[in-house]
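Worksheet for the structure shown next.
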Amino acid sequence: MITGNPESVLTDEEFIRQTSHLLIQKELQDKTYIYYRNLAATVSPEILKEYMNTILDSIRFNDGRIISITFKNGLTHKFVYKVDGVRKRRYF
């Protein structure tokens, strides 16, 4: 973007980064379900990682399974797994 200030010119890399963030936000707002593989195919891995780092606080694992995801806004999503056909909730 070019404005009257010569110091405000975006590099091609910065323009692509900002555009990618905009595309991710649009994708998230327009759909109730996001197909991660489709999203990952349209956005570079570095941009996707950077975006995820802006919204995720932490991801907790146990025995190779995700047990919870905490977002920067404080919301935590806990996962429940079925063990031998029975739902089993793990508390950590």
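Note that the structure is a prediction, hence the values are computed from the model and not measured. We count residues from 1, following the sequence as given. Basis for what follows: all heavy atoms, side chains included, without hydrogens, waters or symmetry-related copies.
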Test log, rule side-chain contact (heavy atoms from CB on, under 4.5 Å), inputs Tyr81 and Asp63: CA-CA 12 Å; Tyr81 294 95; Asp63 294 330; over 6 Å; no

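No side-chain heavy atom of Ile67 sits under 4.5 Å from any side-chain heavy atom of Phe79.
Remark: Thr70 engages Thr76 in a side chain to side chain donor-acceptor pair (under 3.5 Å) (not counting sequence neighbours).
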Donor-acceptor contacts under 3.5 Å from residues 46-53 side chains, at least two apart:
| residue | atom | partner | partner atom | Å |
| --- | --- | --- | --- | --- |
| Glu50 | OE1 | Arg17 | NE | 3.2 |
| Glu50 | OE2 | His21 | NE2 | 3.2 |
| Asn53 | ND2 | Lys49 | O | 3.4 |

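Heavy atoms of other residues, nucleotides or ligands lying less than 6.0 angstrom from CG of Asp12 number 12 at most.
How far CG of Asp57 is from CZ of Phe71: 10.5 Å, rounded to the nearest 0.5 Å.
Two different hydrophobic clusters hold Leu22 and Ile55 under the rule that ILVMFWY side chains link at heavy-atom gaps under 4.5 Å.
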